[in-house]
Each structure stands twice: as structure tokens, then as C-alpha cells.
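FYI, the numbering just counts along the sequence from 1. Start at 1 and go down the list; that is how both ligands and their atoms are numbered.
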Amino acid sequence: MRIIFLVDMDYFFAACEEVRRPEIRGKPVAVGADPKAGKGRGVVMTCNYEARKYGIKSGMPVSKAYFLCKDCIFIEPDFDYYERTSGKVMDILRGYADKFEQVSIDEAYLDASNRLGSYEEAETYAKRIKDRIMEELGLPCSIGISYNKLLAKMACQEAKPNGIKIVREGEGKKFLENMDIGELYGVGKKIREKLEKEGIKTIGQLAKSNVIELVEKFGKYGIELYNYSNGIDESEVVENYEVKSIGREYTFEKDEADLKNITSKYLELCDEAIKELKSKGFEFKTVTIKVRYYDFEEHIKSTSMASPSDSEEAARKCISSLVNGIEKGKKVRKIGVRFGGLVKALGQKKLSLYFS
Ligand code: DCP
Ligand code: CA
Ligand code: CA
């Protein structure tokens, strides 16, 4: 019997802020750009559950969030801090797993089948994990437990906030049955619209549909959708030991002082590295550039993304802004670009291969 946990931190960025600013606890808090009394641009990255009561959510323009709740406390994101905190969370979680797989900044799968004999034991184990993270880091999380990754992930969604939800063997189909089709892992907006056109509104309806017709409509992905809707997912929890970061370096033949030439070389390296990253199915969270001057002085600068990405455009933007900090006119010998915090692209991404 497999026992798999999906641990996902609650309102992560905002929870991190509550830890270092206890005075904001219990009040509505959103992390995102400054709303400038409703005139600000940019979006809410996340908000705590007090703010959610007002209808504020991730991805919403901050101007709209401001009008929904004028008393909401808006905090500009501090990615380095969230990354560091995430690292501490992951270090704790790793200790509870036979097999461990981080899937995003605030979430990871743990396979603990070898350590546990029953779901009762699993529940106690999950409580221990939650207590430990709360005691050491002051952060709440939710945990889904099941016999596969798909159901663990969906159980976690039900467990939120600050809870534990178990889906036992034999309960998978029933657990999913009445949920809206959009709730199914792997179903994005486009697929949902297509399915709804066919009259498929619940996961249960999808589970009963004709798999051959699904393949006709969605290609190979139709089989995956069919399996998911039936609560079937054989994929293993796997840590990517091999690749932690992907990068490129370049040494100029002659020391280069022209920032335009230097920048275009950085972007070339960026494109090459992104190509490799995509071909391996990764998304990056951090971008680092390195510069070594003619006198061997070396500098490293990095920045973090709000959420993992494999976008060439986003990568180029980060790099251009980092390059801005390079000393002008000083001769450069060697440069490097590196993408770190790699995670496997999620199911949603795979869909874009079928529907672009
Ligand atoms: N995030 C972001 N932009 C988004 C969604 C999320 O920058 N559109 C960031 C902020 C979140 C973090 O990623 O804190 C984790 O995202 P989750 O989807 O897990 O959401 P939260 O942890 O914020 O809330 P929940 O309690 O619902 O998990
Ligand atoms: Ca979360
Ligand atoms: Ca998450």
C-alpha cells in the first residue's frame, strides 16, 4: 500500500509576513504591489484568509483588492525571504519522507509508505509534521493523504486551511464524483470549456464518459484525464537529484567594455539555458548572473520569481534588470547565467502542448 502526502503551506507569502510582523496577525493582509489608493498597478500574489473573506484572491489587480477592502494591509513581496523560508520548510519535510518531491515554492509530495502501516498512523504522522513546522517556523500548512499523488493533492485542497484530509483506498472515485470538473488536477480553463460543451460538468460525469471519444478530442491527454477522473494516478514521488540548476558561461575573446555587447551575450546565454531547461521539463524560480572583470574581480547577482516559470520572456526581463547593475565601462572577461530552484513543470503546462 502506498501512503503519499501532499503538504501545501497556507497563504504562504502572507503567512511568512505574519511571522516577522506579528502585529498584522488577525487583520486582512495581501502581498503584492502597492495599490496606491486604488490607482496602483500590479496584482495580488496572495492574501491571508481574513482578506479572502472580502473576496480578495491571488492574481487579482491590487486596485480591485483595494476597493474590496480599504483596510487591507498591502505588503510588497520579498522573494528572497520567501525562498529562504521555503528552504527551511523543505528541509523539515524531507526528513519525514522515504521519497521526496518538491513541486513548488510552498508544496511537496512525501512518500512515507515504508514507515507507516495504516491511515491512522498516517494521520498522527501528519499532525506531527504540522506541529513541527508550526513550532519551528510559525507557519500553518495543510496536508492531503492518499494512495496516489493526484488524490493527495486534491485531498489537500479540501483540507485547507490548516487541516488534514485522508482519502483511503477504495474511496477515490466517490471523493471526486460530485466535484466540479474544473477542480480536477490537469483541467485548465480551455479543457473545462470543451468538456462543459459536451455536457460534462462534474468529475463523476467525466469518469463515466467514453475514453475513446476523449482521445479523439484531447489526444493522448484524454487518457490521462479519464484516469484522473477515476482517481487513478500511478506516478511515483521522485526527487530530481541530478539537476538543481541549469546555466551557461562565456569568456570573451578580448575583454569587453561595451555594455550593449555584454548584454546581448547575456541574453544569448539566457536563451540557450532556457532551451535546455524546457527540454528537460523544468521551470525556474531564481535567476543569477555572474560577471568577472579583467582584474578577476567577480560579482554575482540574483533575483527570484513569484512563481515558477519557463518563459523566455520572463527570463530575459530578469536578466536585463540584473545586467543594469553592472559597472559601466569596466572591462569584462567572463559572464554567466544560471537558473535555479528548478521544479518540474506541472500538469497544466503539458496541456499547452495540446491547446495553444
Ligand atoms: N503565488 C503568486 N501568484 C499567484 C499564485 C501564487 O505569486 N497567482 C505565490 C504566492 C503564494 C505562493 O505562490 O503564497 C503559493 O501559492 P498557492 O497557490 O499555494 O497559494 P497560497 O499558499 O498563497 O494559499 P493557499 O492557502 O490557498 O495554498
Ligand atoms: Ca499554498
Ligand atoms: Ca502551492
| Closer than 3.0 Å to the Ca ion (ligand 2) - protein N, O or S atoms, ordered by chain and residue number | D8 OD1, M9 O, D106 OD2
Flag side-chain contact, heavy atom, 4.5 Å: [X] against [Y]:
{"X": "V29", "Y": "Y11", "answer": "no"}
{"X": "V19", "Y": "R25", "answer": "yes"}
{"X": "I335", "Y": "I289", "answer": "no"}
{"X": "I181", "Y": "Q205", "answer": "no"}
{"X": "V187", "Y": "I203", "answer": "no"}

| message | Please list all pairs meeting side-chain hydrogen bond (donor to acceptor under 3.5 Å, both in side chains) that have one or both residues in residues 113-122, counting only residues at least two apart or in different chains. | response | D98-R115, D111-S113, R115-Y125, E120-R168
| request: Enumerate the residue pairs fulfilling side-chain hydrogen bond (donor to acceptor under 3.5 Å, both in side chains) with a member in residues 57-77, sequence neighbours excluded, ordered by first and then second residue. | output: none
| request: Only one of K334, R333, K330 passes side chain to side chain donor-acceptor pair (under 3.5 Å) with D255; say which it is. | output: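 Per the side chain to side chain donor-acceptor pair (under 3.5 Å) rule, the option paired with D255 is R333, out of K334, R333, K330.
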| query | Do F282 and F284 have their ring centres less than 6.0 Å from each other? | reply | no
| said: Counting only heavy atoms and a distance below 4.0 Å, can you name the residues contacting ligand 1? | reply: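 Its neighbours under 4.0 Å (heavy atoms only) are D8, M9, D10, Y11, F12, F13, M45, T46, Y49, R52, S58, D106, K160, A306, given by chain and number.
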